[in-house]
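The structure appears right after this line, and notes come after that.
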Amino acid sequence: MTALQDKETAVSTSATLSLNLIQAINLAMREEMRLDERVVLFGEDVGARGGVFLATEGLQAEFGRRRVFDTPLSEASIVGAAVGMAVRGLRPIAEIQFADYMGPGFDQIVSQAAKIRYRSGGQFTAPLVIRTPSGGGVRGGHHHSQSPEAYYAHTPGLKVVMPSTPYDAKGLLKAAVRSDDPVIFFEPKRIYRAFKEDVPEGDYVVELGRAAVRREGADLTIVGYGGVMPDALKVADALKAEGVSVEVVDLRSIVPWDRETVLNSVAKTGRALLVSEAPRTANFMGEVAYTIQEELFDALLAPVSQVAGFDTPYPYAQDKVYLPGPNRMLRAAAKLLGY
Amino acid sequence: MTALQDKETAVSTSATLSLNLIQAINLAMREEMRLDERVVLFGEDVGARGGVFLATEGLQAEFGRRRVFDTPLSEASIVGAAVGMAVRGLRPIAEIQFADYMGPGFDQIVSQAAKIRYRSGGQFTAPLVIRTPSGGGVRGGHHHSQSPEAYYAHTPGLKVVMPSTPYDAKGLLKAAVRSDDPVIFFEPKRIYRAFKEDVPEGDYVVELGRAAVRREGADLTIVGYGGVMPDALKVADALKAEGVSVEVVDLRSIVPWDRETVLNSVAKTGRALLVSEAPRTANFMGEVAYTIQEELFDALLAPVSQVAGFDTPYPYAQDKVYLPGPNRMLRAAAKLLGY
Amino acid sequence: MHKPFTDKPIQRIGEDGRKIGRWTLDLTEDQLRTMHRDMVRARVFDEKLVTILRQGKTSFYAQSSGMEGTQVGLAHAVRPGHDWIWPYYRDQGLAIGLGVSVRDLLAQCLGTSEDLCRARQMPHHFGVRNYNFVSISSSIANQVAPATGTAMAQQYLGTDEITVCTFGDGATSEGDWHAGLNMAGVAKAPIMFVCENNQWAISVDFKGQTASTNIAVKAHAYGMPGYYVDGNDVLAVHSVVSEVAERMRAGEGPALVECLTYRIGSHSNADADAEKQYRSREEVELWRSRDPITRFERFLAAEGLSVDAAAIRAAAQREVEDAITATEATGTPGWDVMFEDVYEDVPAHIALQREYVRAEQEA
Amino acid sequence: MHKPFTDKPIQRIGEDGRKIGRWTLDLTEDQLRTMHRDMVRARVFDEKLVTILRQGKTSFYAQSSGMEGTQVGLAHAVRPGHDWIWPYYRDQGLAIGLGVSVRDLLAQCLGTSEDLCRARQMPHHFGVRNYNFVSISSSIANQVAPATGTAMAQQYLGTDEITVCTFGDGATSEGDWHAGLNMAGVAKAPIMFVCENNQWAISVDFKGQTASTNIAVKAHAYGMPGYYVDGNDVLAVHSVVSEVAERMRAGEGPALVECLTYRIGSHSNADADAEKQYRSREEVELWRSRDPITRFERFLAAEGLSVDAAAIRAAAQREVEDAITATEATGTPGWDVMFEDVYEDVPAHIALQREYVRAEQEA
Ligand SMILES: Cc1ncc(C[n+]2csc(CCOP(=O)(O)OP(=O)(O)O)c2C)c(N)n1
Ligand SMILES: Cc1ncc(C[n+]2csc(CCOP(=O)(O)OP(=O)(O)O)c2C)c(N)n1
Ligand SMILES: [Mg+2]
Ligand SMILES: [Mg+2]
């Protein structure tokens with residue numbers, strides 16, 4: 001998989017490594033911790049264990065127990081501690097073991113992290129990152145598969161990010177650590193190890209709030225983020241073989257999201273298919289759909305269409321039926337193209 | 001304010017009272033508790049104090065401390081206890097003092113209440129009601145003004161309701177208590193005492209999942225729910241005076257929402273203005289907008305339009321600027337009509 | 001009467017199987033044999049499940065090996081199908097001890113058509129209505145406040161039921177744990193909180209979890225007694241739990257019981273290779289040598305009660321094998337169960353989604 | 001050294017102002033006078049704010065009258081602008097005792113242009129960067145885990161700062177309270193948790209809040225000392241807090257300090273009329289008679305230190321009046337502050353919304 005990288009991304013690197021997404025995340029943290037003493041990393045099992053997915057492997061060994069440590073089993077403690085450290089001048093990276101377990105830390109996220117800058121008139125700020133694996137496809141049932149990004153996207157004061165490539169994962173995470181705002185960094189766990197990509201060693205960031213155009217095309221725009229992206233690209237390639245030219249936009253940042261890139265694309269193609277895996281009702285793509293039809297009403301050749309998860313808790317055995325796969329996307333694309 | 005009541009609502013009543021919204025809520029609980037021993041009521045300060053808004057006034061006096069009681073200050077305890085009681089056969093009504101304080105109970109709501117039926121294959125269920133005042137307009141700053149309904153609307157397994165009239169408040173709350181599913185019952189606090197209406201004493205329910213058409217009209221549909229409804233009606237009346245015929249749909253139920261009524265209306269008018277007060281990004285109306293444009297693409301005369309809250313935490317001093325009032329609705333309506 | 005807040009764990013028998021202190025056995029030979037058999041059945045269940053996991057028949061499993069003293073001791077001290085249990089995900093020994101059939105457990109692990117939970121939860125997250133064994137949530141400690149609610153309902157309804165809520169040592173750090181215990185204290189609800197302290201929460205040891213001397217002392221915070229029990233001593237667990245349960249039925253309010261034990265297996269299959277990074281083999285071996293089943297067998301022998309351990313194991317193995325065959329034969333549920341049980345009925349928007357998938361499946 | 005976990009509250013002076021037990025005063029005359037003056041200033045602040053609330057100048061107020069012994073005793077035992085405070089919403093006496101200017105407090109209450117919090121929070125939710133007095137969140141107990149994080153940062157940075165986290169009795173029931181204390185225990189972070197136990201959480205009394213004998217014993221659950229202090233005895237509070245703070249700076253880890261006091265006013269103006277429904281006038285009167293200021297004045301008199309209470313009150317009144325006049329003169333911020341400080345910069349979608357409102361405002 002190749003990515004059309006942002007032009008303005010400043011890359012000043014030494015070597016290039018072939019990494020999968022989780023390795024790129026590990027590298028981003030390692031580099032940021034080497035660069036900035038204020039960066040500390042903690043969560044459940046992130047120390048000796050290296051995280052249940054091994055995202056933090058080797059980091060305690062390199063940076064010691066003062067900077068990389070396990071916490072008691074409490075997401076409220078983890079997020080709360082991150083807020084308090086950030087307020088006192090550190091740059092904490094807090095891992096929540098699964099996005100499904102953000103619940104006990106929810107009030108800390110929405111009432112403290114998201115609002116402390118605003119409520120204090122900018123006197124106190126919470127520059128922290130909450131990293132957490134999210135999404136389905138790993139036979140985890142409804143407590144290891146959910147995609148809760150809409151909750152956080154609907155909470156002013158938070159930035160919300162989800163990479164879909166190793167290159168972006170590294171660059172976005174570095175940008176998140178350096179951001180002066182709290183960032184919820186969702187990691188699409190089903191593609192943690194799906195493929196490798198060339199990732200530069202050393203310093204570059206992928207700016208928060210900018211989408212990437214992964215394929216250029218003229219007939220249809222597919223917008224997605226996170227774990228659905230590889231399938232979206234497959235669909236684009238399959239349609240290309242049939243002579244349909246699909247533009248694929250990877251949002252990467254959910255808040256703020258890149259209205260300009262999406263609107264430019266749909267203005268050109270006239271058709272938008274929005275792909276995500278969270279339950280359909282009141283998911284984040286509803287916002288994108290709303291914006292597209294509001295801004296491009298006259299340019300649209302067909303209604304904005306969604307392929308998403310269903311309005312059920314995430315089921316264990318029906319995992320494959322639940323998740324939007326290439327077939328479902330193709331069907332929706334065909335409907336749009338034939339509208 | 002008069003309401004076009006549902007035709008099928010079975011009303012078998014003795015007398016009619018003139019009540020405001022919070023009195024109607026009080027009456028609904030009183031009646032349900034008289035009818036059904038399984039109904040118990042608890043929360044912070046709901047006993048002797050009668051609730052900080054007095055929604056539960058007099059209920060402990062009538063039903064005693066066994067059935068109406070104060071809890072320790074913990075929303076996780078309150079929601080959790082409701083789940084456990086419901087599983088064991090009671091019909092708990094749990095009050096959360098402000099919707100802004102659902103945060104500490106969030107995991108109980110989304111992981112227990114919403115999922116226990118599904119994950120147990122229907123063996124265990126949680127027929128409970130969480131009542132909570134929500135919305136702005138009371139100079140409460142961001143911890144006494146938020147409208148978090150989108151979080152819960154995005155959580156399969158929950159029903160979500162918000163009345164805007166005394167009649168509906170009573171009928172919906174009674175339906176919620178009798179529902180075998182967990183219901184999040186938002187009470188638009190700024191219109192608790194805004195007006196009175198004739199409310200029958202005795203038994204009737206307003207079915208969950210059905211919208212009400214508050215005004216019939218041909219040129220524009222306004223869809224809203226909760227605290228924004230009185231202003232929406234004012235706008236309809238003002239436009240009527242100018243010769244514009246506005247249909248006003250009050251959703252009443254957010255999950256499930258009444259697609260049919262909304263789509264029928266917009267199919268007729270060709271223009272939809274969606275009004276709510278939660279922050280715009282990823283709010284619930286995005287879902288309604290998405291559905292309208294998907295189903296009625298060819299019938300729409302203008303893009304679906306929203307008037308909503310802004311993407312900031314709810315501000316204290318700018319309360320009046322933040323909230324969508326009649327002027328903002330009128331401006332949006334004019335834009336739609338002139339499209 | 002057992003004393004709360006002891007410095008050392010309450011014991012009835014030593015590692016050598018001999019009685020500690022003076023007490024009289026209030027269990028029949030039959031009860032003792034059943035207890036023993038259930039412990040073996042739980043152990044064998046673990047072994048078999050690890051095997052079929054390797055075969056790919058199930059995708060998740062968390063052993064309770066080493067914790068049978070706690071789980072079976074507890075199970076035999078409550079009234080199955082009368083009392084209510086809000087368990088956690090490592091409670092197969094508790095389920096077996098209560099009488100839940102191995103077939104019901106396996107149906108859930110394999111997600112077959114007779115899975116009572118309809119294949120919607122991860123394997124190993126049981127829920128059995130007949131036994132008031134409430135469906136397990138993966139979210140650590142979020143069964144605690146609901147369990148308190150169930151006990152409050154029992155109190156309200158005037159029953160003589162009690163509620164038992166189990167959890168690990170790690171769970172005690174969650175806010176919801178606190179919320180549940182505190183409310184139970186205020187309500188004087190008939191609930192027993194049982195901590196299966198196996199000394200690790202995945203890779204985090206007890207000292208990394210809390211600075212308190214043990215879990216039992218945390219009961220001070222809730223105005224309830226806290227019992228510190230040797231969880232590898234099935235008779236100690238049984239005795240403390242029985243006594244506390246009866247007091248609870250008499251209206252004496254909640255209690256916290258900490259059973260100190262050890263998980264000798266990996267946290268779960270997902271953790272199997274990682275273990276060596278966080279705990280020493282010596283520690284594991286030490287605790288293996290403190291096996292609750294062996295200890296109980298020594299006691300039975302000392303009491304002159306011979307058990308044919310090999311035969312019991314063999315029977316337990318057959319029981320699991322037969323159950324696997326039988327439940328596999330029932331097949332797996334269709335895709336459409338996915339759309340049921342979200343609500344009591346299937347609302348219009350979900351029905352639409354079901355039709356959408358139906359069209360897809362039929363294409 | 002003060003002892004943790006005493007059965008009775010630690011006291012230094014009795015209601016009659018006389019010393020209890022043997023101890024030597026380690027405060028200068030000047031310090032004693034400042035302490036007294038700050039207590040009076042806090043009381044007067046309450047009185048004045050209730051008055052201007054009635055005038056409609058502000059819309060929310062929660063008195064701390066009766067709790068000045070706790071708040072001022074605490075304030076004078078920490079290092080202002082050096083130590084960090086995560087306060088709760090009833091801490092005006094703490095802010096005043098630390099040295100925060102009455103004008104800064106009033107600017108927030110009135111939402112004027114010089115409000116450091118830019119009129120975004122409810123009145124009476126202060127935040128003052130110079131004093132490391134972290135902006136208050138209304139959400140009960142959710143400052144606790146962040147406070148622990150601040151203390152962990154102090155530890156990480158190798159400072160000799162400590163963090164103080166205050167909260168009411170009701171707050172101790174929240175899950176986040178537990179989460180914060182438990183983590184602090186494990187981290188051995190330099191944090192003092194101070195419970196301002198005023199015996200009521202709106203209408204819920206202590207027994208309705210928890211079944212524990214007091215709040216201090218809850219420290220057992222976190223492996224830290226718990227001090228039970230008479231919160232109406234400013235010298236007892238000052239002494240315990242000073243001692244604990246110094247031990248903390250030396251690396252001895254966290255502590256919980258419970259100050260038993262009473263709120264003699266209503267919970268907030270929103271609760272003013274409802275009070276009689278839940279607590280008796282006799283109870284309120286009893287605690288009014290235990291006024292911490294009067295008690296301290298008796299002590300000062302017994303020590304031969306005369307204070308001109310009337311003059312101090314009058315000065316405090318003038319201070320508040322002048323501050324009101326001065327801050328009101330600065331006007332109120334414009335509508336557009338609403339769109340700032342959501343993020344470091346104003347992202348495009350919020351800028352669009354700001355332009356939308358600008359057009360509206362200019363129309
Ligand atoms: C809320 C939540 N956070 C994190 C997890 C991930 N997780 C699963 S098991 C576990 C450790 C549990 O330890 P303990 O409570 O001691 O039980 P044990 O597994 O040792 O029996 C963790 C952190 C989870 N399931 N739920
Ligand atoms: C999470 C949360 N739940 C409920 C409330 C509503 N509330 C405000 S103050 C209060 C009582 C607090 O009592 P306590 O902690 O004892 O402090 P006090 O007011 O007595 O000083 C309640 C329930 C809140 N602010 N936050
Ligand atoms: Mg454990
Ligand atoms: Mg209090």
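Throughout, protein chains are lettered first and strands after them, A, B, ... in sequence-line order, and every chain is numbered starting at 1.
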Taking every non-hydrogen pair under 4.5 Å, which of [options] racks up the most with chain C?
options                                 : result
Glu260(B), Met85(B), Arg259(B)          : Met85(B)
Ser77(B), Ala76(B), Ala113(B), Ala82(B) : Ser77(B)
Ile116(B), Leu158(B), Thr125(B)         : Leu158(B)
Pro72(B), Gly157(B), Ser74(B)           : Gly157(B)
Arg88(B), Arg66(B), Glu37(B)            : Arg88(B)

Query raised in the report: Between CZ of Phe124(B) and CG of Asp341(C), what distance do you get to the nearest 0.5 Å?
Result: 13.0 Å
Minimum heavy-atom distance [X]-[Y], with the two atoms named:
X         : Y         : answer
Val83(B)  : Trp86(C)  : CG1-CH2, 4.2 Å
Ser135(C) : Ser120(B) : CB-CB, 3.4 Å
Pro104(B) : Asp176(C) : O-OD1, 4.5 Å
Val87(B)  : Trp84(C)  : CG1-CZ3, 3.5 Å
Gln108(B) : Ala145(C) : NE2-CB, 4.1 Å
Thr150(C) : Gly84(B)  : OG1-O, 2.8 Å

Query - Lys/Arg cation over aromatic Tyr343(C): Arg117(B), 6.0 Å, 45° cone - result: no
[X] vs [Y] side-chain heavy atoms within contact, under 4.5 Å:
X         : Y         : result
Arg67(B)  : Tyr156(C) : yes
Ser137(C) : Arg119(B) : yes
Met152(C) : Thr71(B)  : no
Ser139(C) : Asp107(B) : yes

Requested in this report: Flag yes if more than 12 heavy atoms outside Arg65(B) fall under 6.0 Å of its CZ atom; otherwise flag no.
Outcome: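 Atom CZ in Arg65(B) is not crowded, with 12 or fewer foreign heavy atoms closer than 6.0 Å.
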For [Y], does its backbone N or O pair with a side-chain atom of [X] as donor and acceptor, under 3.5 Å?
X         : Y         : value
Gln112(B) : Asn142(C) : yes
Gln123(B) : Gly127(C) : yes
Tyr118(B) : Gln121(C) : no

Requested in this report: Select one option (side chain, backbone, both, neither) describing which atoms of Ile136(C) are under 4.5 Å from chain B's heavy atoms.
Outcome: backbone
Query raised in the report: What part of Leu181(C) is in contact with chain B, defined as an atom under 4.5 angstrom from a non-hydrogen atom: side chain, backbone, both or neither?
Result: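 Contact with chain B is absent: no heavy atom of Leu181(C) under 4.5 Å.
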Query raised in the report: Side chain, backbone, both or neither: which part of Lys115(B) has a non-hydrogen atom closer than 4.5 Å to chain C?
Result: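 Neither part.
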Query - chain C contact via Val40(B) - which portion, at a heavy-atom distance below 4.5 Å - result: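 Val40(B) touches chain C through side-chain heavy atoms alone.
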